Amino acid sequence: MFKKYGNLTTNAVMVGDRLQADVLGAKRAQLNSIWYNPQALPVVQAYQPTYVANSFKQIKKIILNA
């Protein structure tokens, strides 16, 4: 996919609700990440997301302003 669409690391973001699977996967793919965290759980340092959102409204705001 990266070859077809060019440098997605600046034009894409991974949104997920699991730190280990989604945020770590994004980090390994060199993508920014948004951790959907509606329960406001603490962030584990090993899986530091680029952004944290507690609602879908916050995700929308992050994507539109990033």
Side-chain angles (χ1 to χ4, degrees):
M1 186 162 93
F2 292 118
K3 291 178 184 175
K4 184 175 180 179
Y5 295 105
N7 185 4
L8 292 180
T9 59
T10 57
N11 298 318
V13 64
M14 171 65 182
V15 179
D17 62 350
R18 295 177 56 203
L19 280 173
Q20 186 173 7
D22 303 324
V23 173
L24 182 58
K27 187 172 289 234
R28 288 180 176 163
Q30 299 178 340
L31 295 173
N32 288 326
S33 60
I34 301 173
W35 179 34
Y36 176 59
N37 182 16
Q39 298 172 347
L41 300 172
V43 177
V44 177
Q45 283 300 103
Y47 308 113
Q48 187 69 39
T50 310
Y51 305 98
V52 177
N54 300 102
S55 68
F56 291 119
K57 188 175 183 176
Q58 284 182 330
I59 292 172
K60 180 180 175 183
K61 187 175 181 178
I62 291 167
I63 290 172
L64 293 177
N65 292 318

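Quick caveat: nothing in here was measured; it's all calculated off a predicted structure.
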Quiz item: Is there a donor-acceptor pair under 3.5 Å between the side chain of Asp22 and the backbone N or O of Asp17?
Solution: yes
Quiz prompt | Name of the residue among Val43, Ile34, Ile62, Leu41 meeting side-chain contact (heavy atoms from CB on, under 4.5 Å) with Val52 | solution = Val43
Quiz item: Sub-3.5 Å donor-acceptor pair from the side chain of Asn37 to the main-chain atoms of Asn54, do we have one?
Solution: no
Quiz item: Any chance CD of Gln20 has more than 12 other-residue heavy atoms, nucleotides or ligands included, within less than 6.0 Å?
Solution: no
Quiz item: Roughly how far, to the nearest 0.5 Å, is CG of Asn65 from NZ of Lys60?
Solution: 11.0 Å
Quiz item: Is it the case that one hydrophobic cluster holds both Met14 and Val23, taking links as side-chain heavy atoms less than 4.5 Å apart, direct or via other members?
Solution: no
Quiz item: Is there a chain of hydrophobic side chains (I, L, V, M, F, W, Y, each step under 4.5 Å between heavy atoms) that links Tyr51 to Val15?
Solution: yes
Exercise. List the atom of Lys27, the atom of Gln48, and the distance in Å for their closest heavy-atom pair.
Key: NZ-O, 3.5 Å
Exercise. For residues Ala26 and Asn32, report the shortest heavy-atom separation together with the two atoms involved.
Key: CB-O, 4.1 Å
Exercise. List the steps and the verdict of side chain to side chain contact (heavy atoms under 4.5 Å, CB included) for Thr50 and Val13.
Key: CA-CA 9 Å; Thr50 310; Val13 64; over 6 Å; no
